[in-house]
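As structure tokens, the structure follows; a few thoughts come after it.
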Amino acid sequence: MHAPATGSLLDNMVIDRSMARVLDLLWLMVVVFPVALAAEPSPLQDFCVADLKGQVLVNGVACKNPSLVEADDFYFGGIRKKGNTSNPVGSKVSLVTVEQLPGLNTLGIAMARVDYEPWGLNPPHFHPRATELFTVLEGTIEAGFVTSNPENRFITKVLQKGDVFVFPMRLVHFQRNIGNTSARAVSTLSSQNPGIVTIANAVFGSKPDISTYILAKAFQTSNDVIDNIQLKF
């Protein structure tokens, strides 16, 4: 019997280890790259003030000529006063996105002031492009969100002044003032344009209407009940 060639064995071991490293690298790319691509791109300059009147269509908003940028492009005074809460849900969300504050363009952040009447509700909704960090400024607020299928776990917490709660991206969430006085909060969102989909408005107030048959089947109720709800939206 001939002894195996030591050099060939070593060469094969080196090749196997190299292939393992390549596979590990490919696996890392598969895991990390989608996460990186899902985030908003980092700015490549000091600022890119949104040109809200521009005609160029991009994924976001085109930049204003830097030589025309002024201090007011980085300023918004629209949330000094309480929002108008005279509505069926008793709350008002006053957004500050790139539409209100052009200097936010490419910075990946937005905010909102939320005002509540006693027992007012910011109804179930989600943000398709942002995680939300919610801070109570005044009052006592119940906050909660629901995890995705199939668990649909309801996670909720009663918050006091100064408390902070996070709503993960794209999960349905709500806030409700559970006090007998007005409440106020501020939210920061991880996108210059987080978007908002209010569940009731989307389902019962779509344009054109979703078929009564479809909604009655989905909610396991009668057509009359669906028709009555749709009239409210």
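Bear in mind the structure is a predicted one, so any value in this text is a computation, not a measurement.
- Going from atom OG1 of Thr147 over to atom CZ of Phe154 covers 11.0 Å, rounded to the nearest 0.5 Å.
- Taking all atoms of both residues into account, the shortest heavy-atom contact from Val93 to Ala112 is CG1-CB, 3.9 Å.
- Asn65 places a side-chain N or O within 3.5 Å of a backbone atom of Ser67 that can act as its donor or acceptor partner.
- Counted by atom type alone, Asn149 and Asn152 present one or more donor-acceptor pairs between their side chains at under 3.5 Å.
- Side-chain atoms of Asp115 come within 3.5 Å of backbone N or O of Gly83 as a donor-acceptor pair.
- Considering every non-hydrogen atom in both Leu215 and Phe204, the closest pair reads CD1-CD2, 4.0 Å.
- Side-chain N or O atoms of Gln192 include none that pairs as donor or acceptor with a backbone N or O of Val98 at under 3.5 Å.
- Listed for the Arg129 side chain is no donor-acceptor partner under 3.5 Å among the backbone atoms of Arg170.
- Here the two rings, on Phe145 and Phe134, have centers that are 6.0 Å apart or farther.
- Counted by atom type alone, Asn193 and Ser191 present zero donor-acceptor pairs between their side chains at under 3.5 Å.
- Using a 4.5 Å cut-off between side-chain heavy atoms of Ile, Leu, Val, Met, Phe, Trp and Tyr, with links allowed through other members, Val166 and Met169 fall into different hydrophobic clusters.
- Side-chain contact check for Thr188 versus Glu132: every heavy-atom pair is 4.5 Å or farther apart.
- Residues Val197 and Pro128 approach most closely at CG2-CD, 4.4 Å, considering heavy atoms.
- In this structure, CG in Leu104 is found 10.0 Å from CE in Met111, a value given to the nearest 0.5 Å.
- With Tyr116 as the fixed residue, the side chain to side chain donor-acceptor pair (under 3.5 Å) test singles out one of Glu138, Lys92, Gln175: Gln175.
- Residues Val146 and Ile199 are members of separate hydrophobic clusters, defined by side-chain heavy-atom contacts under 4.5 angstrom among Ile, Leu, Val, Met, Phe, Trp and Tyr.
- Proximity of a side-chain donor or acceptor of Asp73 to a complementary backbone N or O of Glu70 within less than 3.5 Å is detected.
- Across all their heavy atoms, Val203 and Ile210 have their closest contact at O-CD1, 3.6 Å.
- To the nearest 0.5 angstrom, Leu189 atom CG is 8.5 Å from Ile109 atom CD1.
- Shown here is Tyr213, whose OH atom has no more than 12 heavy atoms of other residues, nucleotides or ligands within 6.0 Å.
- In this structure, the separation between OG1 on Thr97 and CG on Leu95 is 6.0 Å, given to the nearest 0.5 Å.
- Ion pair Lys161/Asp163 not flagged as a salt bridge, since none of the NZ, NE, NH1 or NH2 atoms sits closer than 4.0 Å to an Asp/Glu carboxylate oxygen.
- Note: Leu101 CG to Phe74 CZ = 8.5 Å, rounded to the nearest 0.5 Å.
- Side-chain contact between Lys157 and Leu159 is present, with heavy atoms from C-beta onward closer than 4.5 Å.
- Under the 4.5 Å side-chain contact rule for hydrophobic residues, Val114 and Ile141 share a cluster.
- Between the Thr156 side chain and the Ala143 main chain, a donor and an acceptor come within less than 3.5 Å of each other.
- The two residues Pro123 and Thr198 come nearest to each other via the heavy atoms CG-CG2, 4.1 Å.
- Ion pairing of Lys82 with Glu117 is present here, as a side-chain N (NZ or NE/NH1/NH2) and a carboxylate O approach within less than 4.0 Å.
- Side chains of Thr212 and Asp227: a donor on one and an acceptor on the other come within 3.5 Å.
- Taking all atoms of both residues into account, the shortest heavy-atom contact from Phe174 to Leu121 is CD1-CD1, 4.1 Å.
- Under the 4.5 Å side-chain heavy-atom criterion for Ile, Leu, Val, Met, Phe, Trp and Tyr, Leu137 and Phe76 are members of the same hydrophobic cluster.
- Atom-to-atom distance recorded for Tyr75:OH and Gln100:CD is 14.0 Å, nearest 0.5 angstrom.
- Taking the six-membered ring for Trp and thresholds of 30 and 60 degrees, His127 and His173 have ring planes inclined between 30 and 60 degrees apart.
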